[in-house]
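Values reported hereafter were calculated over all heavy atoms of this structure, with side chains retained and with hydrogens, waters and symmetry mates removed. Numbers restart at 1 for each chain; the letters A, B, ... are given by sequence-line order, proteins then strands.
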Amino acid sequence: MSIEELYGQARQGDLDAEKRLFDELAVRLRLVAFRYTRNEDDAKDAVQEAMVRIIADFREKHLKDSLSAWSYTVLKYEILNRARTDRRRRELRTRHSEETDLRNFRPDPDLEMNLARCLRRLIQSFPRYARVLNLKYQGYSTEQICEKLRITRDNLYVLHSRARAELKGCLAKGGPDK
Amino acid sequence: MSNCTDNKFEKMLAEYELDLLASDDREAFELHLLACDSCYREVSQFARESLHLLHSDRLKAIVRQAVGDQDDSRRDPVQAKARRRRRLITLVPVAAAAALVFLVLKPWQIEIRTTEEAIASEDRLVVLPFLNQVDERDSSLMGMAATKLLITDLSDSRTVAIVSNQHMEDILSTITGAETPAGRVHLATAVANESNSKWVFTGSIVQEPPQLTIDVLLLDATNEDTLTYTQVSCEPDANLFCVIDSITKTIRQSLQPLLGSVGTDRPVAEITTHSPEAYMHYVEGVEQYRKFFFDQATASFDKATQLDSTFAMAWYYLALEVNPSLIDNAVRHLKRASQREQYWIGSRAALWAGDTAKFFAQLNRLSQDYPDEEEAHYWMGVVENRRGNLEAAGHHYLQALEVNPRHKLSYNQLAYLHSSLGDYEQAVAAINRYADLAPEEPNPFDSRGDIQARFGNFDLAIESYREAVNIRPDFDETAHKLAELLSLDAQFEEAELWLGGYATAIGDLPSPDDVVNLTSLLISRGLLDSAYRYADRRLDEVWTDYEGDDQAEIAELLMFQKVLIQAESDPIKAWQAIREVYKIRGDTVQSRQVSLYHHELRIVAASGKRGKIELVLNILKKEVAKPPAKDWPLRFALACIALEGGAADSAAAILESLRKTEPYDIDDFLIAYLLSRSYVEAGRMEEAVVLLDSLMISAVRARVLLPTLNVRLHYYLGVAYEGSNWPERAKEQYERFLEFWGRSDTELPIVNEVRQRLARLTS
């Protein structure tokens, strides 16, 4: 059942639906938060704070649009607040694209090592993919990357899909030589 | 990759994982993740890996080593610079790009230069329109009301300079951005940059009355730091005024450490109205007024004053729209307006009292105290324009554009100003800028049509008017102008559509002008018999369907149309009929309308009846002897008699002396027409061609009101071209003539003649 369907039932007093709704919402919101916080602990905290607000207010809201959209809004505000606090604490000022740049990325050593091996192998087969990543690191946009590589967006999609599949396969085997 | 049913999002997934999506797309995709199991699964399964790919220094080093210097940004400094300034929201490209616009006042030239230089932000606050999360479309106008009220309150407290509502809206209309919080932060900073503001405020209504609750966010636009993020409501009664007062207090407290002194603050109800309902009607009215929907605006302001008779600004707008004397009500309750609005009320009252010195004094003070008030400069320009001080007017409009480079009305006025000075290119440049800024409003296209028509570019004017009425089919004046040009271009069906077609479609009566033009249209098509009967029919109805001045106006013009038709076959009857027209207004001989008099004289001359002609000449000679002596009727009559008697050169000499310069009014057109005929009949073809060519691209109204003469222009021009040895052009004109009268329902000798001439040229 989708989040909106669960929401509809929960509003009618179905407590079971309500529980499932918040569980499902929390899981999904954590994935979104993770993109911004770059670590799971901070993502979990941010979602927790957001869920407090969502659970407190969801009955009173007269939402004409979706609960998902409103919840997403609440989460982004929470992340924004945390980023402000974090930035002030570190005295970082930036005008880069990520307004929620928390710089809290903490690599997983095991995963990073495996990825490094798989990535080296992948680059041998897909050198263009390395260029995509490199251009991304330098801050180029999608359009600029495609222009430089003389590919279309569809090509980029295919390139990333294949590279991704290769990486997943390699990581699943535990490394390129296994 | 994923089995998402939405191909668009499936393709976005790759770019999302590589963090290559623009902010709008990213947020759309993230919302999609909340709903799509397939995409959610795919992303979550690779979430940690993709994050490492993006942010792990070790992995980045591997990639860079593999790529080498193939895509070294050090070799592409422009790209590097562009990337540093990359924005995540899209700015709709307008002529002035995303940077601040400078306007240079050169004599009558608008020179728009853009600059890429960074400009230090000033101590200025921009208030974005409030979002209404409860009602996305803000159909209750609560968001709009909150925005306007806050701007009024902050402006009055003189806490900080506030970007005007108009300027802020103008900037927003050229920027696209997401409505989600992260997107709005970027939107907010973009607006702040465009308006050179250090701070930006945005609010979201999360609950509507009776317990109004607003989330507020105050940002430092220079670094996107949040100064304040909180939720505001009121106890026990969370009405709009209480909440706005609280928000103002919050903003003042946040800015005080940065600004020092923040002035005093009055409760917002004291400087507007104590009735929230009245304020909502007022907000609605202002919005309608800005879009030129004057009838609806009047109704809204009326309701506002009914709810609160002390609402000064509602009276102010009613005075603008309905009756200037209502400004007294605004003045009486002046203290119930903010300081800024007091200047507006004072200036308008002075203007209508004829005290222009005080008018300018008030607006000069307004612009000094509130430098962001571009409208002050604009209105000073308007008044100078009316006084004929065009240079001063242009200067004020340009000052308005310096404050707000997107001030549409200033462009509109500049366009007409350049048009008055005969500078077509500058006029069109200005009006095109207006159209770029407001592509969904009919007014810029209407203005452009006016300018194009004035310079004789009728085809372009037709296109411009069409754009206007396609946006608003009930834009009556434009529809009327379009119909006129179409009728002159023999596009009869479409002309008829716009002549009262819309009105009758919605059950209204055609306007007096439309009734007359519909008759004229029939005449233009050669359907003289039908036109005569149509005019008769409408004349019967005019006494029941119309009232007051409309009655006399339609009756007079319809009867005149009948005179024109009768003159084609029976000048004597036409002359008798024209005397009946005079009786409509009860005029004496001396106060007869000039247009009727001219036609009476030429029709009498055309009758060839010596007795009648002598009678008229005797009357005219007596009139010349009486003060005030006017000899032009006698001279005009003599010219007409000479022309009808075959003395074309003599007629031309008299008519040349009677001519005025362009632009033609109806009488000037008649004189020019007769003069062109004189030239043709005197064999002075080149002079005829020059004069007729100029008539073809001018005198629109006259030609519509005198369709029998208008059609004949093509005949005479054809003859003149033929006589000047330009057979192809002659053919074009004869063919054009037949587009009008080729299917006439009346036997017209001139039609047969044209057919013969054409046949001769074709063979």
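The choice from A:Leu111, A:Leu159, A:Ile3 that makes the most heavy-atom pairs within less than 4.5 Å of chain B is A:Leu111. Most heavy-atom pairs under 4.5 Å with chain A: of the set B:Ser56, B:Ser50, B:Ser44, this distinction falls to B:Ser56. Ranked by heavy-atom pairs under 4.5 Å with chain B, the first of A:Met113, A:Glu24, A:Arg162 is A:Met113.
The shortest distance between side-chain heavy atoms of A:Lys168 and B:Glu49 does not fall below 4.5 Å. For the pair B:Lys60/A:Asn134, no side-chain contact is recorded, criterion being any heavy-atom separation below 4.5 Å from C-beta on. Between B:Leu53 and A:Leu119 there is a side-chain heavy-atom pair separated by less than 4.5 Å. Residues A:Arg153 and B:Lys11 have side chains not in contact (no heavy-atom distance under 4.5 Å, counting atoms from C-beta outward). Looking at B:Leu21 and A:Thr142, their side chains never come closer than 4.5 Å, going by heavy atoms from C-beta outward.
Neither the backbone nor the side chain of B:Phe29 comes within less than 4.5 Å of any heavy atom of chain A. Looking at B:Ala47, the atoms closer than 4.5 Å to chain A (heavy atoms on both sides) sit in the backbone and in the side chain alike. Within the 4.5 angstrom heavy-atom criterion, no atom of A:Gln124 approaches chain B. Of the two parts of A:Ser2, neither the backbone nor the side chain holds a non-hydrogen atom closer than 4.5 Å to a non-hydrogen atom of chain B. Contact annotation for B:Glu15: only side-chain heavy atoms (C-beta onward) come within less than 4.5 Å of a heavy atom of chain A.
The pair A:Lys76-B:Glu27 meets the salt-bridge criterion, with a side-chain N (NZ, NE, NH1 or NH2) lying under 4.0 Å from an Asp/Glu carboxylate O. Note on B:Asp215 versus A:Arg53: salt bridge recorded, some NZ/NE/NH1/NH2 to OD/OE distance being below 4.0 Å.
A:Arg35 contributes atom CZ, which lies 9.5 Å from atom CG of B:Leu33 (distance to the nearest 0.5 angstrom). To the nearest 0.5 Å, atom CG of residue B:Asp19 and atom OH of residue A:Tyr137 are 11.5 Å apart. How far CG of A:Leu133 is from CZ of B:Arg64: 11.0 Å, rounded to the nearest 0.5 Å.
Between B:Val63 and A:Ala130, the closest heavy-atom pair is CG1-O, 3.3 Å.
The closest side-chain donor-acceptor pair between A:Tyr36 and B:Glu30 falls under 3.5 angstrom.
Between the A:Lys136 side chain and the B:Leu54 main chain, no donor and acceptor come within less than 3.5 Å of each other.
Geometric assessment of B:Arg48 against the ring of A:Phe34 yields a negative cation-pi assignment under the 6.0 Å and 45° thresholds.
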